[in-house]
> 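Just dropping this structure here.
Fair warning: this is a prediction, and the values are worked out from it, not measured in the lab.
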Amino acid sequence: MSNQSSAQPIEKKLEKQRAAKKQKQKTARTIAALCGTGLVVIGAVAFAVVKIYRSSGVHLQGTAMESTHYKVNNAMMSYLIDTTYQNYLDSVKGNKNAERPIKGKSFKKQNYGADQTWFDYLVQASSYSMTQTLKMCEAAYEADYSLTDAQIAECEAEAQSMDLSKYSDGIQVADITEVLKLKRLANDYEIYAAENIEITEEELNEYYEKNSGAYANWDMLCFSIAWKDGSTNEKVAQSYKDVMKEVDKLTACTTPEAFKNEVYRFLIEERSKTTDTAKKMLDAIDVNVTGDSFDPEIAEWVLEGDAKQYDTKVLEYKDNCNVVVYMLTSEPSINQSDAVDVRVITLNKASSADESLTVSEAQTLLDDWKAAGGTETLFGEFALNNSSAFNLINTRGLYIGFSEESMEYGEEFRDWAFASDRKPGDTEIFELDSQVVIGYFVADNPYSADKAAAYQALYKKEIDALDTIADNFSVAQNINVINQLKY
């Protein structure tokens, strides 16, 4: 099977997520940034590396890594190490405190951190990236998926365009070509597999009915009171008996106003809070709950019990020496507003040396994306390699079912996404207090927000299954061969 559609926009309303744990995802993102695993960053780079001097080509031809159907020789590994090193230098540019190796001195004789050498660090980063690549290539092989002749020609042309004098001795165009082909195959197969996941209407409806509680929304007042046990942070904490008297007063309230007035009185008179502090704490007791992922007992009370508006419920946590009083201020409703699919790249202002430059950085990214072809697939690659939105990194910035009621990226972004003249491929930059958002409009979602969320959940399960398949493949690393490289 050849890939005939990897460069085309994703038309199905999908969200791609991996099943990896948070730490694994964070590591993968860091390594991807260093090793250039995306299409966007694979390419010619101009830099002066620590040269490798060898007496023969034997060290270059040894097998550094291999899976069942694919091999990485030492020349290819050397190219990966060189690229990882340059990407590291680019990532710490302008940071005077970042570690850097001494020029002209062997990487094997310089420590990176306390426990490893620079050579060990670069090998570890490069090997991690290539291990993930080879596993995905094996999954592609099993699915009878391969690159087209045109895609192979692109990899060959890119390798031919590189200045070999910028890399370690002995690396040939053919070695770089093989690395680019492996990365292209793994990357494109991931996109292809995600685009071709199919969820039937029957599957969607069945899942939605079974999990309807997950898409309900309701508002509550939620106030927690600790009693004195010798370890509480409250300077004037009360006894359990006195706390329960206050609980009785709160449960006797029949309106949100009465509940809030009692909380305010309690904070001022019983806990000696200042007026400003009491007001801030009062603002925090308003809670909007989405789905049955909230406290199971409360979710069951609201969704399956006989709870009515302004009813109260008390949960006591003796191990933590506190009690929580809830008042239901709105009965459950389903968010059936319109939804759209978008891709986003977010840039944290705090991550920039000068916060005022974050908007210009976003504009530069957008300009580079347009110059590279301006496709949706490329936007996803830019999101993968540049976005600070951790929850969307592995979806390549894809947000399925962005709701008309959502304010996650601000009011201007929401209004832009739902403008009547919005069309697929539109882009815009939005500046918020703490971040800058680049938006890409994919399409209107055919479902309401609740159904789109159900679709997203089903799609995640399918993506998790794909990751499991990839993880079933093994990759062997021959560290003795890799150590023969003379860095």
> If we count only N and O atoms by modelled type, under 3.5 Å, do the side chains of Ser224 and Asn322 hold a donor and an acceptor together?
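A pair is found: one side chain offers a donor N or O, the other an acceptor, under 3.5 Å apart.
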> Is the shortest side-chain heavy-atom distance between Tyr141 and Thr68 below 4.5 Å?
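Result no, sub-4.5 Å side-chain heavy-atom pair not found.
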> What do the steps show when you test Asn386 against Leu365 for side-chain contact (heavy atoms from CB on, under 4.5 Å), and what is the final call?
CA-CA 9 Å; Asn386 297 284; Leu365 275 178; 3.7 Å; yes
> Find out whether Thr251 and Glu246 are in side-chain contact, i.e. whether some heavy atom of one side chain is under 4.5 Å from a heavy atom of the other.
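Of all side-chain heavy-atom pairs linking Glu246 with Thr251, none is under 4.5 Å.
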> For a quick check under 3.5 Å, do Asn111 and Glu99 share a side-chain donor-acceptor pair by atom type?
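No - no donor-acceptor pair under 3.5 Å links their side chains.
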> For the residue pair Ser129 and Lys183, what are the closest heavy atoms and their distance?
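Smallest heavy-atom distance, with atoms named: OG-NZ, 3.3 Å.
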> Counting only N and O atoms by type, is there a donor-acceptor contact under 3.5 Å from the side chain of Trp369 to the main-chain atoms of Thr375?
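The answer is yes, because a donor-acceptor pair under 3.5 Å joins these two groups.
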> Tell me if the CD atom of Glu202 is crowded by more than 12 foreign heavy atoms within 6.0 Å.
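Open: at most 12 neighbouring heavy atoms sit under 6.0 Å from CD of Glu202.
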> If you look at every heavy atom in Ala417 and Phe441, which pair is closest and at what distance?
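Looks like O-CE1, 3.3 Å.
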> Treating Asp311 as the side-chain partner and Lys308 as the backbone partner, does any N or O pair qualify as donor plus acceptor under 3.5 Å?
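Pair found, side chain donor or acceptor close to backbone of Lys308.
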> Whether the Thr277 and Thr274 side chains hold a donor-acceptor pair (N or O, under 3.5 Å, no angle test) is what I'd like checked.
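Thr277 vs Thr274: donor-acceptor pair found between side chains.
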> Please report the shortest heavy-atom distance between Tyr264 and Ala278, naming the atom on each side.
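Distance-wise, the nearest heavy atoms are CE1-CB, 3.7 Å.
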> Could you go through Glu300 and Lys313, starting from their C-alpha distance and side-chain angles, then the distance that decides it, and tell me whether this counts as salt bridge (Lys or Arg N to Asp or Glu O under 4.0 Å)?
CA-CA 12 Å; Glu300 183 179 0; Lys313 187 173 181 64; over 6 Å; no
> Please lay out, stage by stage, how Asn261 and Glu257 fare under the test side-chain hydrogen bond (donor to acceptor under 3.5 Å, both in side chains).
CA-CA 6 Å; Asn261 287 339; Glu257 291 76 16; over 6 Å; no
> Less than 4.5 Å apart, side chain to side chain, heavy atoms only: is that true for Ser127 and Gln477?
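Yes - at least one pair of side-chain heavy atoms lies under 4.5 Å apart.
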> Test side-chain contact (heavy atoms from CB on, under 4.5 Å) on Tyr440 and Val342; report intermediate values, then the result.
CA-CA 6 Å; Tyr440 176 99; Val342 295; over 6 Å; no
> Walk me through whether Thr346 and Ser388 qualify under side-chain hydrogen bond (donor to acceptor under 3.5 Å, both in side chains).
CA-CA 5 Å; Thr346 62; Ser388 61; 3.0 Å; yes
> Give a yes or no on whether the backbone of Ile438 and the side-chain of Glu428 come within a donor-acceptor separation of less than 3.5 Å.
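Such a contact is absent between Glu428 side chain and Ile438 backbone.
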> Is the closest side-chain donor-acceptor distance between Asn335 and Asn217 under 3.5 Å?
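No.
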> For a salt bridge (Lys or Arg N to Asp or Glu O under 4.0 Å) check, start with the C-alpha distance between Arg343 and Glu376, then their side-chain angles and the critical distance, and finish with the verdict.
CA-CA 8 Å; Arg343 289 187 186 269; Glu376 182 188 346; 2.9 Å; yes
> Parallel, tilted or perpendicular: which one describes the rings of Tyr112 and Tyr121, with boundaries at 30° and 60°?
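The arrangement is parallel - the two ring planes meet at less than 30°.
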> Would you say Leu221 and Pro256 make side-chain contact, with heavy atoms under 4.5 Å?
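SC-SC contact between Leu221 and Pro256 confirmed.
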> Identify, with sequence neighbours excluded, every residue that meets salt bridge (charged side-chain N to carboxylate O under 4.0 Å, His left out) alongside Glu201.
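Partners of Glu201 under the salt bridge (charged side-chain N to carboxylate O under 4.0 Å, His left out) test: none.
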> Assess the residue pair Asp286 and Lys260 against the criterion (salt bridge (Lys or Arg N to Asp or Glu O under 4.0 Å)); give the C-alpha distance rounded to whole Å, side-chain angles, the decisive distance to 0.1 Å, and a yes or no.
CA-CA 10 Å; Asp286 282 292; Lys260 288 184 175 183; 3.0 Å; yes
> Check whether any side-chain heavy atom of Val340 lies under 4.5 Å from a side-chain heavy atom of Val442, and answer yes or no.
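They are not in side-chain contact.
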> Run Asp188 and Gln151 through side-chain contact (heavy atoms from CB on, under 4.5 Å) and show every step you take.
CA-CA 10 Å; Asp188 283 16; Gln151 291 167 331; 3.3 Å; yes
> Under the 3.5 angstrom rule, does the side chain of Arg396 hit a backbone N or O of Thr377 as a donor-acceptor pair?
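Not confirmed, Arg396 side chain does not pair with Thr377 backbone.
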> Evaluate whether atom CG of Asp421 has more than 12 neighbouring non-hydrogen atoms of other residues, nucleotides or ligands under 6.0 angstrom away.
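Check passes, neighbour count above 12.
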> What are the two closest heavy atoms between Leu182 and Thr133, and how far apart are they?
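Shortest heavy-atom separation between Leu182 and Thr133 comes out as O-CG2, 3.5 Å.
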> Whether the side chain of Ser406 engages the backbone of Phe402 through a donor-acceptor N/O pair (distance < 3.5 Å, no angle test) should be reported.
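Not confirmed, Ser406 side chain does not pair with Phe402 backbone.
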> Please check if the side chain of Ser126 supplies one atom and the backbone of Val123 the other of a donor-acceptor pair under 3.5 Å.
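Absent.
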> Picking from Phe223, Tyr326, Phe266, what satisfies side chain to side chain contact (heavy atoms under 4.5 Å, CB included) with Leu250?
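The option that passes is Phe223.
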> Hey, could you give me the CG/CD distance between Asp368 and Gln363, rounded to the nearest 0.5 Å?
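Output value for this atom pair is 10.0 Å.
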> Is a side-chain donor-acceptor pair under 3.5 Å present for Gln124 with Asp120?
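Looking only at side-chain atoms, Gln124 and Asp120 do not form any donor-acceptor pair under 3.5 Å.
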> Do NZ/NE/NH1/NH2 and the carboxylate oxygens of Asp426 and Lys423 come within less than 4.0 Å?
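Salt bridge between Asp426 and Lys423, a charged N being under 4.0 Å from a carboxylate O: yes.
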> Heavy-atom distance under 4.5 Å between the side chains of Met136 and Leu185, does that happen here?
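A side-chain contact under 4.5 Å is absent here.
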> Do Asp341 side-chain atoms and Gly401 backbone N/O form a donor-acceptor pair below 3.5 Å?
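Yes; judged by distance alone, with no hydrogens or angles, the pair exists.
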> Compute whether any side-chain donor of one residue and acceptor of the other, for Tyr399 and Glu408, lie under 3.5 angstrom apart.
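Present: a donor and an acceptor within the cut-off.
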> Nearest 0.5 Å, what's the CG-NZ distance between Leu267 and Lys280?
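Going from the CG atom of Leu267 to the NZ atom of Lys280 covers 13.5 Å.
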> Looking only at side-chain N and O atoms, does Ser337 offer a donor or acceptor that is under 3.5 Å from a partner on Ser403?
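Short answer, yes.
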> For Glu270, run the salt bridge (Lys or Arg N to Asp or Glu O under 4.0 Å) check against Lys245, Arg265, Lys249 and tell me which one passes.
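Exactly one pass, corresponding to Arg265.
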> Establish, from distance only, whether the side-chain atoms of Glu316 and Tyr240 form a donor-acceptor pair under 3.5 Å.
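Indeed, the side chains of Glu316 and Tyr240 share at least one donor-acceptor pair under 3.5 Å.
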> Less than 4.5 Å apart, any side-chain heavy atom of Phe382 and any of Leu384?
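Of all side-chain heavy-atom pairs linking Leu384 with Phe382, none is under 4.5 Å.
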> Is Trp118 close to Tyr88 at the side-chain level, that is, under 4.5 Å between some pair of heavy atoms?
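Heavy-atom side-chain distance check passes, below 4.5 Å.
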> On the six-membered ring of Tyr208, is Lys451 placed so that its NZ or CZ lies under 6.0 angstrom from the centre and within 45° of the ring axis?
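Pair Lys451/Tyr208 counts as cation-pi.
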> Once you measure the plane-to-plane angle for Phe430 and Phe413, does it fall in the parallel (<30°), tilted (30-60°) or perpendicular (>60°) bin?
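Correct class here is perpendicular.
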> Please name the pair of heavy atoms, one in Trp218 and one in Leu303, separated by the smallest distance, quoted to 0.1 Å.
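Shortest heavy-atom contact: CZ3-CD2, 3.8 Å.
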> Check this for me, if you would: do Arg414 and Glu405 make a salt bridge, where the nitrogen-to-carboxylate-oxygen distance has to be below 4.0 angstrom?
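No, Arg414 and Glu405 are not salt-bridged.
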> So, Gln309 side chain and Thr329 main chain: donor-acceptor pair closer than 3.5 Å or not?
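Flag set: sc Gln309 to bb Thr329 pair under 3.5 Å.
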> Pairing donors with acceptors under 3.5 angstrom, does anything connect the side chains of Asp450 and Ser448?
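Yes, a side-chain donor-acceptor pair sits under 3.5 Å.
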> Please answer whether the main-chain N or O of Val475 pairs with a side-chain N or O of Ser67 as donor and acceptor at a distance below 3.5 Å.
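No; judged by distance alone, with no hydrogens or angles, the pair does not exist.
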> Hey, does the side chain of Asp242 reach the backbone of Gln238 with a donor-acceptor pair shorter than 3.5 angstrom?
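No, Asp242 side chain to Gln238 backbone: no donor-acceptor pair under 3.5 Å.
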> Hey, would you say the Phe259 and Tyr310 ring centroids sit under 6.0 Å apart?
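Ring centroids of Phe259 and Tyr310 are no less than 6.0 Å from each other.
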> How close do Cys222 and Val324 get, counting heavy atoms only, and between which atoms?
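Of all heavy-atom pairs spanning Cys222 and Val324, the closest is SG-CG1, 3.6 Å.
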> For the atom pair OG (Ser212) and OH (Tyr207), what is the distance rounded to the nearest 0.5 Å?
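So the OG of Ser212 and the OH of Tyr207 are separated by 11.0 Å.
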